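Right, one structure below, let's go through it.
The analysis underlying the following values was restricted to heavy atoms, covering all of them including side chains, and did not include hydrogens, waters or symmetry mates. Treat the numbers as computed from the prediction; the structure is a model and nothing was measured. Residue indices begin at 1 and follow the sequence shown.
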Amino acid sequence: ADSDFDVRLVVADESFEECVERYATPHGSPVEVFVLRLSSFARTGLPGSGSEWDRYSYVRAELVLDKLDGAIAGLVADKATLTEDEARSLASNALDDYVNSYYRSARNQQNGLALGSQLDAADSIGPLLTTLFALDRRVRPFNKFLAFELELEPLPGDAWAADRLLARVRTIVSSGDLPTQQELFRDVEALARQRDLADVIDGWEPDVAWLRGAGG
């Protein structure tokens with residue numbers, strides 16, 4: 001009841017200023033209309049555009065009108081799914097970011113830095129989710145839609161079933177619980193090795209066994 005409708009209006013470049021004045025609405029309006037130039041729309045939401053954060057907006061967008069004989073539909077479809085190259089690069093980088101934050105959380109806990117450990121644990125969840133969705137060539141959803149996406153289109157593998165993954169996420173974000181992080185890392189490592197990302201995990205040697213929870 002307190003949500004709004006987001007509308008993207010793609011217009012010819014020469015009509016941009018006129019359409020902004022006529023159709024754009026301020027943030028917080030029941031219907032928020034954002035006007036985009038046709039010349040820049042192809043890059044909107046894609047890597048290097050500066051608007052990567054908004055890519056999920058196009059994943060389940062409803063195309064109401066396309067006056068360019070399917071050209072707009074094609075551009076929207078390009079934003080809704082990662083290419084193989086995008087997915088590979090994104091998953092690799094995000095996986096390394098996840099391990100980095102988890103490593104910092106574990107070291108901080110080892111050194112008695114409880115707050116730092118919990119903050120780093122929370123920081124690890126974003127790149128973890130980016131990795132999991134990228135490995136399925138999917139755009140990571142906004143946080144408010146995470147449970148919705150996991151239920152609507154589950155990630156493959158029992159370790160990533162909605163109930164199990166969300167329970168772990170809640171535990172890690174709320175407390176930074178180390179055994180939960182260790183268990184999660186073991187599943188992430190197995191997935192990474194299955195999906196040809198072993199080099200990312202092995203880049204954390206000689207600490208991989210420790211990250212699994214073995215040793216001191």
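With sequence neighbours excluded, no residue satisfies salt bridge (Lys or Arg N to Asp or Glu O under 4.0 Å) with Glu52. Take Tyr58 and apply the ring pair (Phe, Tyr, Trp, His ring centres under 6.0 Å) test, not counting sequence neighbours, and it matches Phe41. With sequence neighbours excluded, no residue forms a ring pair (Phe, Tyr, Trp, His ring centres under 6.0 Å) with Phe133. Under the rule for a ring pair (Phe, Tyr, Trp, His ring centres under 6.0 Å), Phe16 has no partner lying at least two apart in sequence or in another chain. Taking Tyr98 as the reference, nothing meets the ring pair (Phe, Tyr, Trp, His ring centres under 6.0 Å) condition, with sequence neighbours excluded.
Checking Leu113, Asn108, Leu115 one by one against Asp120, the side chain to side chain contact (heavy atoms under 4.5 Å, CB included) holds for a single residue, Asn108. Checking Asp163, Asp187, Asp177 one by one against Arg168, the salt bridge (charged side-chain N to carboxylate O under 4.0 Å, His left out) holds for a single residue, Asp187.
Within a 6.0 Å sphere centred on CG of Asn111, other residues, nucleotides and ligands contribute more than 12 heavy atoms. When the shell of 6.0 Å around CD of Glu205 is examined, it contains more than 12 heavy atoms from other residues, nucleotides or ligands. Atom CG of Asp69 has 12 or fewer neighbouring heavy atoms from other residues, nucleotides or ligands inside a 6.0 Å radius. The environment of CZ in Phe142 is crowded: more than 12 heavy-atom neighbours from other residues, nucleotides or ligands sit within 6.0 Å. Around CZ of Arg22, the count of heavy atoms belonging to other residues, nucleotides or ligands within 6.0 Å does not exceed 12. Around atom CZ of Arg138, more than 12 heavy atoms belonging to other residues, nucleotides or ligands sit under 6.0 Å away.
Aromatic ring centres of Trp210 and Tyr103: separated by under 6.0 Å.
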Only distances under 3.5 Å count here; give the side-chain donor-acceptor pairs of residues 151-162 to other protein atoms, sequence neighbours excluded, each with its distance to 0.1 Å.
unit_1, atom_1, unit_2, atom_2, d
Glu153, OE1, Arg60, NH2, 3.0

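No side-chain donor-acceptor contact under 3.5 Å links Ser51 and Asp54.
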Show your reasoning for whether salt bridge (Lys or Arg N to Asp or Glu O under 4.0 Å) applies to Glu86 and Arg55. CA-CA 13 Å; Glu86 282 180 325; Arg55 187 165 182 172; 3.2 Å; yes

